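Structure, as structure tokens:
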There are 2 protein chains.
Amino acid sequence: MAANSQFSMAVHVLTVLARHEGEKIKSEKIACSVNTNPVVIRRLLGQLAQAELVESQTGAAGGTQLGRSPDQITLAEVYGAVSCGEVFALHGKPPDRNCPVGRNIEAVLCNLQKQIDRSVAETLSRHTLQSVLEVIEQEKP
Amino acid sequence: MAANSQFSMAVHVLTVLARHEGEKIKSEKIACSVNTNPVVIRRLLGQLAQAELVESQTGAAGGTQLGRSPDQITLAEVYGAVSCGEVFALHGKPPDRNCPVGRNIEAVLCNLQKQIDRSVAETLSRHTLQSVLEVIEQEKP
DNA sequence: CATAACTGTAACAATCTTAGTTACATTTCA
DNA sequence: TGAAATGTAACTAAGATTGTTACAGTTATG
């Protein structure tokens, strides 16, 4: 249980919500589909709510629903809501400033990170929750 | 010490080697620039050697040098040599097969992973070790 | 040929991140 | 008022990565 599967979970969660547009879904029901603990789902929903992708209601008969229609939510937004935006990590300890490479490599890597992030965002922005939902419904065996 | 900084380290290491083409460099010297332990560097060099990006020699007066000239090494190759090729992780536990979403979401995510991987590779293939080296040398303050 | 100086690698400790879990305060409907 | 949900804190468990020590294997060199 180490690798960062938050994006996978987020897409899963949102797809479940998309299949029941208009309804308020309980975290327990979502957790069942994802096969995890309701608290894990609620934590994730918190992040998605901050990005205004979902809206939750407390109290009895509470639950969560999408903040917009599925064709208005791109996977790039989902990724942005749950990821730190770093495909690879920079150096842990700072490199040796006496070495020309050590002195300047971080700027190069930082720049690369931004380029990759843009390219990932562009790829993901070609998919909406609606398009994911269509694949899911269609592939139902 | 958790995030995967292998790619960052690999670019750093290879850039150091590129600055001294033709020479055999000791792992200790590289470690000094990266500010880490020589064993960590040797482990990384092992992966890079498998990808034929570097060549090492054991014994006294041994060391490591590039396997090709810097303009023949793209950062996409470097990334491929040290990364597992997964920007995000799939589900840990398998989702609920009784739910249509749980049943089909993994295929969707797997497909996305491939698309992202291609897009990252394409972005990185626009940079060579040579171009990185040029930035480093030029920005020397 | 012996020694010094490297690399390669195994084994282990330390640290950090993530997921899972329990517990409980808070909110809301009936 | 009480049942049922979310929100959240605190803790445990597991996994991955890095750092470190130790040592075997290799090779130039005196």
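Just so it is clear: chains get the letters A, B, ... in the order the sequence lines come, proteins before strands, and each one is counted from 1. Here the structure is a predicted model, which means the values were calculated and not measured.
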Euclidean distance, A:Ile41 CD1 relative to A:Leu45 CG, rounded to 0.5 Å: 6.5 Å

OP1 or OP2 of C:dT26 under 4.0 Å from side-chain N/O of A:Thr58: no

Sugar-phosphate, base or nothing in reach of A:Thr64, heavy atoms under 4.0 Å: nothing

B:Val39 or A:Arg43, whichever maps to the more 5' nucleotide of DNA chain D: A:Arg43

Within 6.0 angstrom of A:Glu28 CD, more than 12 heavy atoms from elsewhere: no

Selected nucleotide, minimal atom distance to B:Ala61 side chain, candidates D:dA28, D:dG19, C:dG20: D:dA28

Whole-Å gap separating P (D:dG7) and CG (A:Asn37): 15 Å

Contact under 4.0 Å: A:Ser27 side-chain N or O vs D:dA5 OP1/OP2: no

Pairwise distance CD(A:Gln57) to NZ(A:Lys24) - rounded to 0.5 angstrom: 4.0 Å

Length of the NE2-P vector between A:His12 and C:dA19, whole Å: 15 Å

Option passing salt bridge (Lys or Arg N to Asp or Glu O under 4.0 Å) with A:Arg68 (candidates A:Glu55, A:Glu21, A:Glu77): A:Glu77

Contact nearer the 5' end of DNA chain C, comparing A:Gly59 with A:Asn35: A:Asn35

Same cluster (ILVMFWY, side-chain, under 4.5 Å), A:Leu133 and A:Leu48: no

Separation of atom CG in A:Asn4 from atom P in C:dC16, rounded to whole Å: 18 Å

Which nucleotide in D:dT27, C:dG20, D:dT20 has an atom nearest any side-chain atom of B:Ala60: D:dT27

Nearest-nucleotide 5' precedence on DNA chain C, A:Arg42 against A:Met9: A:Met9

A:Lys93 NZ - C:dA14 C1' separation (whole Å): 12 Å

Co-membership, hydrophobic cluster, residues B:Val135 and A:Val101, 4.5 Å side-chain: yes

Nearest-neighbour nucleotide for the A:Ser56 side chain, C:dC6, C:dG20, D:dT6 considered: D:dT6

Closest listed nucleotide, where the reference is the side chain of A:Thr36 and the choices are D:dT20, D:dA28, C:dG20: C:dG20

Rounded distance (Å) that lies between atom C1' of C:dA19 and atom CZ of A:Phe7: 19 Å

Whole angstrom value for the distance that separates C1' of D:dT6 from CD of A:Gln65: 14 Å

Interatomic distance, B:Leu48 CG vs C:dG8 P [rounded to whole Å]: 11 Å

Candidate nucleotides D:dT20, C:dT21, C:dT7, ranked by approach to the side chain of B:Lys26 - the nearest: C:dT7

Euclidean distance, atom CD1 of residue B:Ile30 to atom P of D:dG19 [Å, nearest integer]: 15 Å

Touch class at under 4.0 angstrom, heavy-atom based, for B:Glu28 against every strand present: nothing

N/O (side chain, A:Ser5) to phosphate O (OP1/OP2, C:dT18) under 4.0 Å: no

